Protein chains: 2
Amino acid sequence: MPIALPPTCCISVNCVVLGFDSKKLNVLLEQREYLIDGKKVVDHMLPGGLMTDNEDLDEAATRLLHEKAGMRNLKMFQFKAYGSRSRIKGRNDIEWMKQQLGVEIVNPLTIGYASVGKIGRKLNLHNAPKGISWFPVEEALKMPLAFDHAILIQDAIKMLQYSIETDPIIVFNLMPLKFTALQLRTLYECIYRKELDVRNFKKKMKQYEYVVPLEEVEQGVAHRAARYYRFDRVKYKKYRRGMD
Amino acid sequence: MPIALPPTCCISVNCVVLGFDSKKLNVLLEQREYLIDGKKVVDHMLPGGLMTDNEDLDEAATRLLHEKAGMRNLKMFQFKAYGSRSRIKGRNDIEWMKQQLGVEIVNPLTIGYASVGKIGRKLNLHNAPKGISWFPVEEALKMPLAFDHAILIQDAIKMLQYSIETDPIIVFNLMPLKFTALQLRTLYECIYRKELDVRNFKKKMKQYEYVVPLEEVEQGVAHRAARYYRFDRVKYKKYRRGMD
DNA sequence: ACAAAAGTGTTTGGAGTACACCCATGA
DNA sequence: TCATGGGTGTACTCCAAACACTTTTGT
């Protein structure tokens with residue numbers, strides 16, 4: 001009988017969960033606490049953990065997101081593998097690994113997974129363990145993060161930009177059921193990190209028949225009320241089929 | 001002292017080496033031999049192997065390409081991680097793993113790396129072990145390949161298409177020092193897997209100042225001689241800087 | 001009245017695409 | 001003389017980008 005190799009236990013998965021709150025893009029971070037020379041240090045990391053044996057990569061991502069952030073039923077997609085020793089940024093990461101995992105991992109291989117959604121129903125912190133919270137992406141990138149997690153966040157956003165171009169279904173999940181043109185434009189501005197022209201954006205919206213205008217308008221705003229829109233999944237599918 | 005985790009020994013790396021021979025795109029495959037019920041079976045796989053402990057992912061890819069195909073100094077880029085149990089395609093893969101590696105790997109995680117170049121100086125089989133050879137991509141995809149290697153090949157080509165759009169430097173490496181418009185067009189047709197209009201392609205070439213026409217023309221061809229062109233790396237860098 | 005955001009069209013330039021004929025060369 | 005590939009220009013369409021004023025509503 002062949003001898004089984006050690007399990008795939010030194011592969012980790014990290015999740016970049018991007019949540020939109022109708023104003024800006026946020027990323028989910030977990031607080032990390034450890035001791036350096038007896039002094040408590042606190043910083044942040046992406047939720048994630050080690051893969052177990054006999055587990056698909058995709059399954060591991062789903063499981064870890066549930067364990068670490070209390071979230072279920074989120075579609076995640078893999079965007080990149082990271083496997084350079086230079087991922088370890090100084091003593092902080094080394095000490096944390098020793099204290100948290102009880103091990104020294106020489107070469108920390110991680111697979112980056114991303115998920116995006118609107119903060120609210122599915123994407124909330126109700127079941128999240130202590131220490132998990134949202135941070136605006138801009139802020140998060142300036143904070144001291146574990147390992148190369150800042151790079152993971154940037155890569156995940158790049159991937160998001162790319163996948164929106166090939167299939168904008170993702171924005172469905174980032175918008176509430178009804179939304180204004182401003183909200184939708186704000187989302188695109190967050191994702192592309194640049195301002196978009198109001199009129200050109202509206203023109204674009206009109207082209208897409210699956211973005212349907214409603215009669216309903218905003219209530220109680222201190223300016224002219226904006227029209228609401230909704231996504232029509234049936235029309236979207238028809239539209240997509242028409243592309244082949 | 002913390003206990004070291006088992007080494008990262010169940011992670012494999014597979015290399016999709018794409019070589020252009022001025023006519024078509026080829027992929028490097030390794031012959032795989034094993035026994036099924038005492039009968040010898042031969043099929044093909046992408047060169048690759050297991051990562052060792054204390055090794056960067058990128059290093060592993062470079063090392064494996066050297067060990068398995070005798071090639072050095074090739075730039076490789078990672079394109080995707082594959083980690084589903086369904087990668088294993090029936091008994092063939094299971095038997096091969098047992099006989100070749102002496103182990104049963106429950107969940108074969110592999111990281112796909114790609115490299116592209118022109119077949120010739122750097123990219124040749126002079127130092128390649130027996131069983132390594134080039135196959136036209138079209139043929140390779142129809143052959144029985146190990147695991148999900150056909151998918152890896154397709155993904156690598158997709159990645160190639162994408163990276164050429166963002167940075168066409170790759171085509172520099174696929175062309176000889178001097179080349180005709182036909183050769184360059186043929187390359188693009190291979191990569192995009194469709195025919196391109198001659199005149200429109202020429203028009204495009206003229207736009208790119210870093211593709212410089214030479215006075216020299218082909219010799220001894222049975223038709224009007226084609227002009228040669230070359231890539232100018234300095235102009236290319238200038239051109240790229242102008243894009244920001 | 002004023003502050004704040006909504007709503008609305010036109011123009012321009014560049015890029016992609018489709019398309020057909022004559023030219024030079026060696027066999 | 002013929003077969004082979006080289007070389008060349010125009011017209012149309014589509015898309016992206018730039019750009020300014022009037023309307024509605026609550027305070």
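Note that the structure is a prediction, hence the values are computed from the model and not measured. Chain A is the first sequence line, chain B the second, and so forth, proteins listed ahead of strands; every chain is numbered from 1.
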Under a 3.5 Å distance rule, please check whether B:Asp56 uses its side chain to pair with a backbone N or O of B:Glu59 as donor and acceptor.
no

Classify the angle between the aromatic ring planes of B:Phe179 and B:Phe231 as parallel (below 30°), tilted (30 to 60°) or perpendicular (above 60°).
tilted

Flag this pair as yes if the NZ/CZ of A:Lys178 is under 6.0 angstrom from the six-membered ring centre of A:Tyr228 and inside a 45 degree cone about the axis; otherwise no.
yes

Nearest whole angstrom, please: distance from the P of C:dA5 to the OH of A:Tyr228.
15 Å

For A:Ser133, side chain to side chain donor-acceptor pair (under 3.5 Å) partners two or more places apart:
none

Letter by letter from the 5' end, nucleotides 10-18 of chain D scores (B base, S sugar-phosphate only, - none; protein heavy atoms under 4.0 Å) B-----SBB

Decide, yes or no, whether a salt bridge links B:Arg193 with B:Glu138 under the criterion of side-chain N to carboxylate O below 4.0 Å.
yes

Got a sec? Which of residues 179-190 of chain A come in under 4.0 Å of DNA chain D, heavy atoms?
none

Can you tabulate the close N/O pairs, meaning under 3.5 Å, that link protein atoms to atoms of nucleotides 24-27 of chain C?
residue : atom : partner  : partner atom : Å
C:dA24  : N3   : B:Arg224 : N            : 3.1
C:dT25  : O2   : B:Ala222 : O            : 3.3

Sequence neighbours left out, what passes side chain to side chain donor-acceptor pair (under 3.5 Å) with A:Gln154? Give chain and number order.
none

So that I can tick it off, tell me whether A:Lys194 and A:Glu189 are bridged by a salt bridge, with the cut-off set at under 4.0 angstrom between side-chain N and carboxylate O.
no

Out of the candidates B:Leu152, B:Val137, B:Val116, B:Leu29, only one should pair with B:Val16 under the side chain to side chain contact (heavy atoms under 4.5 Å, CB included) rule; please name it.
B:Leu152

Going by an N to O cut-off under 4.0 Å, is there a salt bridge joining B:Lys118 and B:Asp21?
no

For atom CG of B:Leu196 and atom C1' of D:dG5, their distance in whole Å:
17 Å

Taking only residues two or more places apart in sequence or in another chain, which ones pass side chain to side chain donor-acceptor pair (under 3.5 Å) with A:Lys23?
none

Mind calculating the distance between CZ (B:Phe201) and P (C:dT17) to the nearest angstrom?
13 Å

To the nearest Å, give me how far apart NZ (A:Lys202) and P (D:dC21) are.
19 Å

